[in-house]
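Data block below; observations after.
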2 protein chains.
Amino acid sequence: MNHEYSLGAVQVSLTPQERFEEYLRSKKMRFTQERRALVDHVFSQHEHFDANTLLEEVAEKFDRKSRPSRATVYRTLNELVEAGLLRKFNVGSRDVYEHDYGYPQHDHLHCKKCEKLIEFQSDALVELRDRVAQDYGFRVTGHRLIITGVCNECRTAKRRERRRHDLL
Amino acid sequence: MNHEYSLGAVQVSLTPQERFEEYLRSKKMRFTQERRALVDHVFSQHEHFDANTLLEEVAEKFDRKSRPSRATVYRTLNELVEAGLLRKFNVGSRDVYEHDYGYPQHDHLHCKKCEKLIEFQSDALVELRDRVAQDYGFRVTGHRLIITGVCNECRTAKRRERRRHDLL
DNA sequence: ATAGTTGCAAATTCTTTGCAAGCCA
DNA sequence: TGGCTTGCAAAGAATTTGCAACTAT
């Protein structure tokens, strides 16, 4: 896991691979080559991704013989979520996955121009969430906040463009 | 609109029907019987709903002759979102719709036991959101927060059940 | 050996679309 | 009347599943 983690990491005692193996064992499932290849690949980069992106990456990375099939990719993604290694959420019309195991709780800013997801952390938000929940006698297990809008780069790009237009 | 609105209403000058008519006119589209029937129905109750629920309600409320088709229901839902009358969001695996026009900004608690959605309003959240966005030079257009967990009723139901079990 | 897995293709689920007939401005 | 809409059925997109052939343990 020598990749850029904008929010730092959470101390965990097992690697994702080990953690997945443990999870599989506890469900009497097997740690097959396909599953190993997929956890390895998924945790070799930190970007958010969707099923289709992963399918394409897998198609490129592995040759026809050793490549996990579409069905296996979908089945494994479900297990990784179930195992708590990945989180799945919905942005716009896409279902995207991100690392959960070994990565701190956070939320997202979603730019609707470039589709980029920016992560941020806010303790105040968690406090607010717990306060609201308490008011409603609600037992919290989690939350998801997505702030939508336009990111800094897209704003300045737009501004530059407007300026150029005005000059003509 | 004489239905229970837990968060009160926002002052608007047009009824949803009128607002939709205006929107349609601005796009050179027509206010047909089907569209009228659908806005009327959708704004006659305040519950969150999904496309399928609406389809079933429509099937029950109208007879075969005057009932908008599946295609028209989907097409109209998209227009209602586009027009700003409805908002669509994703909870778990469902896409649900809720009133937007004439209804204040709010967020949700989602009970994963009974699937209920509880609305709440928090100015502090909006402030927090804007502060975070500012830190990132992000221009906010909106947000969506869903707090997941177990609602009060389901918690007490569970507790009652546990107690009964302990007594046996 | 044998219970769990895989790949394939077919099946699902949900939503959109092409087109001929119908309806609104 | 002319153009926008509708309903129908077919097409799509995304994901799941049944099953016979494999493969971990």
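What's counted below: heavy atoms across the whole structure, side chains too, no hydrogens, waters or symmetry copies.
Annotation: proximity of residues 84-93 of chain B to DNA chain D (heavy atom, distance under 4.0 Å) is found for no residue. At a non-hydrogen distance threshold of 4.0 Å, B:Arg70, B:Ala71, B:Tyr74, B:Arg75 from residues 65-75 of chain B come into contact with DNA chain C.
In this structure, the CG atom of B:Leu55 is 13 Å from the C1' atom of D:dG7, given to the nearest Å. What separates CD of B:Glu79 from P of D:dC4 is a distance of 13 Å, to the nearest Å.
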Please list every donor-acceptor pair under 3.5 Å in which a side-chain atom of residues 51-60 of chain B meets a protein atom from a residue at least two apart or in another chain.
unit_1	atom_1	unit_2	atom_2	d
B:Asn52	ND2	B:Glu56	OE2	3.3
B:Thr53	OG1	B:Asp50	OD1	2.5
B:Glu57	OE1	B:His41	NE2	2.7

Which donor-acceptor pairs under 3.5 Å do the side chains of residues 74-89 of chain B make with protein atoms, sequence neighbours left out?
unit_1	atom_1	unit_2	atom_2	d
B:Thr76	OG1	B:Thr72	O	2.7
B:Glu79	OE1	B:Tyr23	OH	2.8

Contacts under 3.5 angstrom, residues 108-119 of chain B side chains, donor-acceptor by atom type, not counting sequence neighbours:
unit_1	atom_1	unit_2	atom_2	d
B:His108	NE2	B:His48	NE2	3.1
B:His108	NE2	B:Glu98	OE1	2.9
B:His108	NE2	B:His106	NE2	3.3
B:Lys112	NZ	A:Thr141	OG1	3.2
B:Lys116	NZ	B:Glu153	OE1	2.6
B:Glu119	OE1	B:Ser6	OG	3.4
B:Glu119	OE1	B:Tyr103	OH	2.4
B:Glu119	OE2	B:His48	NE2	3.4

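In this structure the side chain of B:His143 reaches within 4.5 angstrom of the side chain of B:Asp107, judged on heavy atoms. By the 4.5 Å heavy-atom criterion applied to side chains, B:Glu22 and B:Leu14 are counted as neighbours.
Under the salt bridge (Lys or Arg N to Asp or Glu O under 4.0 Å) criterion, B:Arg35 pairs with no residue, sequence neighbours left out. Remark: B:Ala124 pairs with A:Leu128, B:Ser122 by the side chain to side chain contact (heavy atoms under 4.5 Å, CB included) rule, at least two apart or across chains. In this view, A:Asp135 satisfies the side chain to side chain contact (heavy atoms under 4.5 Å, CB included) rule with no residue, not counting sequence neighbours.
Taking all atoms of both residues into account, the shortest heavy-atom contact from A:Lys61 to A:Ser44 is NZ-OG, 4.4 Å. B:Glu18 approaches B:Ser13 most closely through the heavy-atom pair OE1-O, 4.3 Å.
Applying the 6.0 Å contact sphere to CD of A:Gln121 captures more than 12 heavy atoms from other residues, nucleotides or ligands. Counting non-hydrogen atoms of neighbouring residues, nucleotides and ligands closer than 6.0 angstrom, the CG atom of A:Asp63 exceeds 12 such neighbours. At most 12 heavy atoms of other shown residues, nucleotides or ligands fall within 6.0 angstrom of atom CZ in A:Arg70.
Using modelled atom types, no side-chain atom of B:Arg144 and backbone atom of A:Ile147 make a donor-acceptor pair closer than 3.5 Å.
Members clustered with A:Val150: none, using a 4.5 Å side-chain heavy-atom cutoff among hydrophobic residues.
Within 4.0 Å of A:Asn52, counting heavy atoms only, lies no atom of the nucleic acid at all.
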Under-3.5 Å N/O pairs linking protein and nucleotides 20-25 of chain D:
unit_1	atom_1	unit_2	atom_2	d
D:dA24	N3	A:Arg30	NH1	3.1

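Remark on the helix from C:dA1-D:dT25 to C:dA25-D:dT1: inter-end axis angle 30°, axes from five-pair C1' superpositions, rounded to 10°.
Mapping heavy-atom proximity under 4.0 Å, the span of DNA chain C touched by chain B runs 5' to 3' from C:dC14 to C:dC24.
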